[in-house]
Visitor: 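Would you mind keeping the following structure in view while I ask a few things?
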Amino acid sequence: MNFIIFGPPGAGKGTQAKRLEEKYNSRQLSTGDMLRAECESGSDLGQILKAILDGGQLVPDDVMIELVAHAIEDEACAGGFILDGFPRTLPQAEALDEMLNKAGKQIEHVIVLEVDDGVLLDRIKARAAETGGARSDDNEETLKKRLDVYHEQTAPVLPFYEAKGLLRKVDGMAPIDEVTQQINAAMGSKAAA
Ligand code: ADP
């Protein structure tokens, strides 16, 4: 099954995607993880990407679209994929549609984790403290930027999927297990939540 986990920074997309991989025989494709791996490689591209990530900005659409187009063709995604962090702009959503159409594939659900901005800020502060600042974009200043970018550029993707009847809204502020249960329930229904 192919589906998208959608939501603001710190909503728990990665946590939930990892829990869903086995049940749905689908591979998590985290664009954030892919980008961070490239940053850590120390390549020239990695250095450019690191500056973008640390600034809380988005990586250009053409770079992201090419990255995801390759990733979904990988053998590891034969059973399906869970997109975590993509699409993040309307052009990315449109490009995804196009690449899936060509491949004869489709997205079956878009799970939206809804979390208030204040809660996100608290979570990211906690994550930064727990991991000793392992993610250099997990600080208050960059998070505020990432939240602005989410509201301005990423949230407008929601009506695109709503029009297709694919949106399933889930309370991302519930305890982790409950969020997983809500997602499983939403995946079983075709009705917009
Ligand atoms: P979070 O959801 O907590 O913001 P991610 O790991 O998904 O974290 O993304 C981290 C950063 O990677 C983003 O702030 C952005 O700079 C970059 N990024 C990830 N996915 C995309 C994308 N689809 N388009 C543009 N930039 C992206």
Side-chain angles (χ1 to χ4, degrees), residues 2-21 27-41 43 45-72 81-100 107 110-131 133-158 160-161 170 172-173 176 179:
N2 305 322
F3 57 102
I4 298 172
I5 298 272
F6 196 94
K13 301 185 291 291
T15 303
Q16 295 297 332
K18 284 193 187 76
R19 291 175 149 224
L20 299 165
E21 278 191 303
R27 172 61 71 98
Q28 176 197 17
L29 294 179
S30 160
T31 47
D33 286 351
M34 293 178 206
L35 294 169
R36 280 186 289 276
E38 187 65 39
C39 293
E40 275 157 30
S41 79
S43 67
L45 174 64
Q47 290 185 17
I48 295 168
L49 293 174
K50 186 168 175 6
I52 297 174
L53 266 64
D54 286 352
Q57 301 286 352
L58 294 184
V59 173
D61 286 337
D62 52 349
V63 176
M64 296 311 304
I65 290 164
E66 202 183 316
L67 192 71
V68 170
H70 278 117
I72 63 174
F81 53 79
I82 309 170
L83 284 172
D84 159 12
F86 185 95
R88 246 178 166 94
T89 64
L90 208 45
Q92 290 181 14
E94 286 162 351
L96 176 65
D97 243 23
E98 204 177 306
M99 66 177 94
L100 292 179
I107 296 292
V110 178
I111 306 289
V112 186
L113 301 181
E114 297 188 306
V115 182
D116 296 342
D117 283 8
V119 174
L120 295 170
L121 205 51
D122 289 344
R123 283 188 187 176
I124 300 267
K125 279 191 220 158
R127 183 161 80 185
E130 271 167 31
T131 61
R135 263 185 69 168
S136 48
D137 61 346
D138 273 354
N139 58 71
E140 197 165 342
E141 195 193 330
T142 306
L143 177 74
K144 283 192 177 136
K145 181 71 207 160
R146 283 156 63 201
L147 274 178
D148 286 348
V149 168
Y150 175 79
H151 291 299
E152 281 164 25
Q153 300 189 54
T154 305
V157 172
L158 290 171
F160 177 86
Y161 288 114
V170 164
M173 290 177 285
I176 293 179
V179 175

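Only a predicted model underlies this, so the values are computations on that prediction, with no experimental measurement involved. Both backbone and side-chain heavy atoms feed into the values below; hydrogens, waters and symmetry mates do not. For ligands, and for the atoms within them, numbers begin at 1 and follow the listed sequence.
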Visitor: Before accepting this row, confirm whether a basic side-chain N of the pair R36/D33 lies closer than 4.0 Å to the acidic partner's carboxylate O.
Guide: yes
Visitor: Name each donor-acceptor pair under 3.5 Å that joins a side chain in residues 110-119 to protein atoms two or more places apart or in another chain, with its distance.
Guide:
unit_1	atom_1	unit_2	atom_2	d
D117	OD1	H151	NE2	3.1
D117	OD2	H151	NE2	3.0

Visitor: Which of these, L96, D97, L90, sits in a side chain to side chain contact (heavy atoms under 4.5 Å, CB included) with E94?
Guide: L90
Visitor: List the residues meeting side-chain hydrogen bond (donor to acceptor under 3.5 Å, both in side chains) with T15, not counting sequence neighbours, and say none if there are none.
Guide: none
Visitor: Residues around ligand 1, heavy atom under 4.0 Å from any ligand atom, sorted by chain and number. Can you pull those?
Guide: P9, G10, K13, T31, G32, L35, R36, L53, Q57, L58, V59, M64, G85, F86, R88, Q92, R127, R135, D137, R146
Visitor: Got a sec, which residues hit side chain to side chain contact (heavy atoms under 4.5 Å, CB included) with P156, two or more places apart in sequence or on another chain?
Guide: none
Visitor: Side chains of T142 and D137: is there a donor and an acceptor less than 3.5 Å apart?
Guide: no
